[in-house]
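Here the structure is a predicted model, which means the values were calculated and not measured. Because only heavy atoms are used, hydrogens play no part in the values below, and waters and symmetry mates are left out as well, while side chains stay in. The sequence lines fix the lettering, A, B, ..., with proteins before strands; numbering per chain opens at 1.
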Amino acid sequence: MEKQYDAKAAEAKWYKFWEDNGHFHETPDTRTPYSVVIPPPNVTGILHMGHALNQTIQDIIVRWRRMSGYNTLWLPGTDHAGIATQNVVEKALKKEGKRRQDLGREKFLERVWDWKKQYGGTIVHQQRMLGNSTDWARERFTFDDGCNKAVMKVFKQLFDEGLIYKGNYIVNWCPRCGTALANDEVEHEANHGHLWYVRYPVVGSTAGVKGELNKDYIVVATTRPETLPGDTAVAVNPKDERFAAIVGKNVILPLTGREIPILADDYVEKEFGTGIVKITPAHDPNDFLVGKRHGLEEINIMTDDGHMNELAGEKYCGMDRFECRKALVADLEEGGYLDHIEDYDNQVGHCYRCHEVVESRLSKQWFVKMKPLAEPAIEAVKSGEVKFVPKRWENIYFNWMNNIQDWCISRQLWWGHRIPAWYLGEDIFVAETAEEALKAAQEKTGNAALTLNDLEQDPDVLDTWFSSWLWPFETLGWPEKTEDLDYYYPTADLVTAQDIIFFWVARMMMAGIHFMKKPPFKNIVIHGIVRAADGSKMSKSKGNSLDPLELISQYSADALRFSIALITSLDCDTKVNKEKFEIGRNFTTKIWNAAKFFEMKTAEVGAISKLDTLKAEDLSSDDKHMLIATEKACEKMKAILESYRIQDGALAVYDFFWTQICDWYVEYLKDSPNKAVSLAILKDVFYKALKLLHPYMPFVTEEVAHQLGYLNAEETIMKADYPTGYSAAEKAEWGLTEEVYEFVNSKREAITALRALRAEYKVTPSTFVKVSIATDKDIAGEIASLKKAMRAESIEVVPAGADLAMPSKMTAFGTVYLSLEGLVDKQAEAKRIAGELAKLAGFIKTSEAKLSNENFVAHAPAAVVEDARKKLAENKEKVQQLEKLAKLFA
RNA sequence: GGGCUAUUAGCUCAGUUGGUUAGAGCGCUUCCUUGACAUGGAAGAGGUCAGUGGUUCGAAUCCACUAUAGCCCACCA
């Protein structure tokens, strides 16, 4: 083996090997299926830490299941990301000085597809760098032909079922993207703004203008003065006695001179502002509803790109909305209409894609009725058919599902699934294809001469999520009846971050149940978000993001994966900084060096024993301990991974490899009296460890498994069996008992105690020392190995309780004494001992109090009481030892 | 305005159903390098488990309140 592990070379080599040999690919057979669909990243995306975390978790689970004998499918793909992708291409066009309208719809779409062909593979390529064992042969795209077909069918079906409708509604509108947005595509952010108090003169009073305004006006508070020209009423609360007298009168809308009524409506809060609110039905969702209730006119004063139109008045027409706000406020002030201004903090909606301030805009859109879809999706979780991990997300899911609003699915974009609705005059024909729509139109009109040219297709496209909510079954072939669909659906686990529970997970639940009659997955595993070291969100603009590809290049993919697994808890967000990835890198190095050691020793020793011929008497207690520790590690990993405790698993396998194998057993092996046996054990244990590790660190484990000859060139550790420990027969044959395990643990405790004594008394490790051990245990067989581990010149065994005047430490193994012979700083020692005695006295006091408490003795489990008694006795003995020692230094 | 979560060593986090003298990694201190590995080994310092009150023989763990931080939802102009 090379002196250093070349991660870059190994990772490139093995990924190609796996992919070229179809190791990620399975087809339906008689085994139990285990399937997972990846949350498809945006095709415009580049790999970020969120992907790295999400996909590492999935790959760990998937690789573990694959090794555990399941027919495993992890299905990859990308999302066509309507707005995001269109924006990218529009930006490129802008550099050429063009807009998408200059190209026209068809040419523009060609450009987007060209872009997709050229750059759409970026993230797909980057995912391979992580080591994902995704079945690339089944890679899908939410806008490929199959998904398009699925989307068309779904739209038609929902329309026929009366669950899709078209309506004139006030929607969230991004003036920059020029499209409607769903409610959850709007991000609310704190805004330090103002509340403008504006005077509206009451008609029929003596109110005049400019400087002559008096009590004959009312004052209206607004955060959006620029919408004033769109006002068609002002409103007060019907129970508000202050204004009872003026309800039904009219006011004059400042600057326009238009007369508008004063209404009473429950929506108005008496306490807020002045208790009077202006009603602008075309520019505010609440006002829209008020307007509907009172039959008000809806005056749209803005263009779809956020400028004022002619209805805003000649002066403001063409102005940007925020420019207009300034101009209008200035005019109000000049006209004497501005009462005063207050600072006011509120929440303002922003487009989740481009961050522009969202406008409420009146327009015709398509909606899906969600309530009927949500009900069975709620039930599926309530009944336990689908489980959230961690469970607490269920409440959040229920809360959202119970308050679900209809889903605005139309987008005024070009890139996306075009809405399959065709118009002929007033008639709408919804069909899966244009031909079917034409046929329907011909039948309806009785005019067989109609052609496609007579029909006009709805220009809008569907929300991207309208395709991705079908992801778990459209990717398996639906609406065709395929073998894959039959075998792999429903999928097993869905792993995703908390931020798309509503966007995606909840909707997949609804679609899966509605169209497939079965929820799309059994477990929904929700993990946190990767944050920067200071806890803030990572973002490119802040410059605080870590690039997984850079980390891979610096530390290796295995290092990235292991580190991220080690520091991630499902329960909370994860803060990361670069240094954390050294853990994984160092671990890789450790594995490599341990392998080198094994190779070297094997060559040195020559023939090593065969594990299956060994009997208990061939094995030392340390040998047995190693085998038991391995057994325990296997059991532990299974339990951990079954409950999705990725972090615990990383820690457990790290500890097993580093502490159990390297720190203790390898050190033991160097001086083992029977190296042929110990190497045989190491050989077996090492391979088991590699397999336990493989889901976390696929590359280095594969490389080492080949280097050490566990596998031949055609084989892969990916398909090796996940270790389950030893058989009952083997355990009996080898005498692997809990007693031996505990015994060796206590021996190690004694070794550690001696080392600590050395450090305390500044006896360097190179000095051979005289050791005494006071114990009644039979430790004769351990003396040889103890001598080596303790670097002892001699070890004398004396009966427990023997009275030796030497520094000592108590262990379960016995009391370990270090002979001093010509040491030490007496004063410092005396002081240290006094400190320790004080500490022990405290413990003994509380301990005695506890034991003399009848309640404790009566109520606590016997084992707990027994344990407390034992500890008390031990500590009392310790005190005696220390007191004796204190005399030495007096 | 509702809801959720967090608060444990200097830092990042474990601590599974209440019973440890509260752990890990990094950082820090001391010692150890020709013998797999200094990306290493050994030993150690460092915490009244955010605060207050309660339940209990016993609380980091359960309950209530408070404080701080973060997230999500929500139409108060």
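Using atom P as the reference point in both U55(B) and G41(B), the two lie 49 Å apart (nearest Å). The same atom, P, is picked in C31(B) and in C71(B); the two are 46 Å apart, to the nearest Å. Rounded to the nearest Å, the gap between the P atom of A60(B) and that of U7(B) is 15 Å. Look at the C1' atom in both A43(B) and C57(B): the space between them is 38 Å, to the nearest Å. C4(B) and A45(B): their P atoms are spaced 42 Å apart (whole Å). Comparing A9(B) with G23(B), their C1' atoms sit 10 Å apart, to the nearest whole Å. For the C1' atom pair drawn from A64(B) and U20(B), the interatomic distance equals 28 Å after rounding to whole Å. The same atom, P, is picked in G70(B) and in C32(B); the two are 47 Å apart, to the nearest Å.
Computed from coordinates, the I396(A) CD1 to G2(B) P distance equals 17 Å when rounded to whole Å. Between the P atom of C13(B) and the CD1 atom of I646(A) lies a distance of 18 Å, rounded to the nearest Å. At whole-Å resolution of the value, NZ in K638(A) and C1' in U16(B) are 17 Å apart. Protein atom CZ of R392(A) is 15 Å distant from nucleotide atom P of C71(B), rounded to whole Å. Atom CG of L872(A) and atom C1' of U21(B) are 12 Å apart (whole Å). In this entry the distance linking CH2 of W400(A) with P of A74(B) reads 9 Å, nearest Å. Remark: C1' of C73(B) and CD1 of I500(A) are 18 Å apart, rounded to the nearest angstrom. Between Q647(A) atom CD and G15(B) atom C1' there is a gap of 11 Å when expressed in whole angstrom units.
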Between N or O atoms, less than 3.5 Å apart, protein on one side and nucleotides 75-77 of chain B on the other: list the pairs.
residue: C75(B); atom: O2'; partner: N286(A); partner atom: ND2; Å: 2.8
residue: C75(B); atom: N1; partner: N286(A); partner atom: OD1; Å: 3.2
residue: C75(B); atom: O2; partner: N286(A); partner atom: OD1; Å: 3.0
residue: C75(B); atom: O2; partner: N286(A); partner atom: ND2; Å: 3.4
residue: C76(B); atom: O2; partner: E269(A); partner atom: OE2; Å: 3.4
residue: A77(B); atom: OP2; partner: Y344(A); partner atom: OH; Å: 2.5
residue: A77(B); atom: N6; partner: E269(A); partner atom: O; Å: 2.9
residue: A77(B); atom: N6; partner: F272(A); partner atom: O; Å: 3.0
residue: A77(B); atom: N1; partner: E269(A); partner atom: N; Å: 3.2

Under 3.5 Å, which N/O atoms of the protein pair with N/O atoms of nucleotides 22-24 of chain B?
none

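In this model, no donor atom of one side chain and acceptor atom of the other lie less than 3.5 Å apart for K683(A) and T602(A). Looking at Y197(A) and E342(A), their side chains do bring a donor and an acceptor atom within 3.5 Å of each other. In this structure, a donor-acceptor pair under 3.5 Å is absent between the side chains of Y267(A) and N237(A). Using modelled atom types, one finds no donor on one side chain facing an acceptor on the other under 3.5 Å when comparing D284(A) with S360(A).
By the side-chain hydrogen bond (donor to acceptor under 3.5 Å, both in side chains) test, T659(A) pairs with D655(A), sequence neighbours left out. Every residue meeting the side-chain contact (heavy atoms from CB on, under 4.5 Å) condition with I583(A), not counting sequence neighbours, appears here in chain and number order: S563(A), L566(A), Y654(A). For Y644(A), there are no ring-ring contact (aromatic ring centres under 6.0 Å, His included) partners at least two apart in sequence or on another chain. Taking the ring-ring contact (aromatic ring centres under 6.0 Å, His included) definition, one finds that F699(A) meets it with W18(A), sequence neighbours left out. Looking at residues two or more places apart in sequence or on another chain, you find a ring-ring contact (aromatic ring centres under 6.0 Å, His included) between Y5(A) and W592(A). K636(A) pairs by the side-chain hydrogen bond (donor to acceptor under 3.5 Å, both in side chains) definition with nothing, not counting sequence neighbours. Take W196(A) and apply the ring-ring contact (aromatic ring centres under 6.0 Å, His included) test, not counting sequence neighbours, and it matches H194(A).
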Quiz prompt | Strand RNA chain B as a dot-bracket string - pairs counted if Watson-Crick or G-U with both distances under 3.5 Å, | where the partner lies in another strand | solution = (((((((..((((.....[...)))).(((((.......))))).....(((((..]....))))))))))))....

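Ionic pairing of R869(A) and E848(A) is not present here: no N-O contact between side-chain nitrogen and carboxylate oxygen is shorter than 4.0 angstrom. A salt bridge links K670(A) with E667(A): the distance from a Lys NZ or Arg NE/NH1/NH2 to an Asp or Glu carboxylate oxygen falls below 4.0 Å. Comment: K596(A) does not engage E599(A) in a salt bridge, judged by the lack of any side-chain N to carboxylate O separation of less than 4.0 angstrom. A salt bridge is absent between K747(A) and E742(A): the closest approach of a Lys/Arg side-chain nitrogen to an acidic carboxylate oxygen does not fall below 4.0 angstrom.
Looking at heavy-atom distances under 4.0 Å, R531(A) makes contact with sugar-phosphate atoms alone, never a base.
Counting all heavy atoms, side chain and backbone alike, V653(A) lies closest to F587(A) at O-CZ, 4.3 Å.
Both cation-pi conditions hold for R791(A) and F768(A): the charged atom is under 6.0 angstrom from the six-membered ring centre and inside a 45 degree cone around its axis.
Between K580(A) and I583(A), the residue whose closest nucleotide on RNA chain B is further toward the 5' end is K580(A).
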Quiz item: Can you give one letter per nucleotide of nucleotides 33-50 of chain B, going 5' to 3': B for a protein heavy atom under 4.0 Å from the base, S for sugar-phosphate only, - for none?
Solution: ---BB-BSSSSS------

Exercise. Take nucleotides 57-63 of chain B nucleotide by nucleotide from the 5' end and write B, S or -, depending on whether a protein heavy atom sits under 4.0 Å from the base, only from the sugar-phosphate, or from neither.
Key: B------

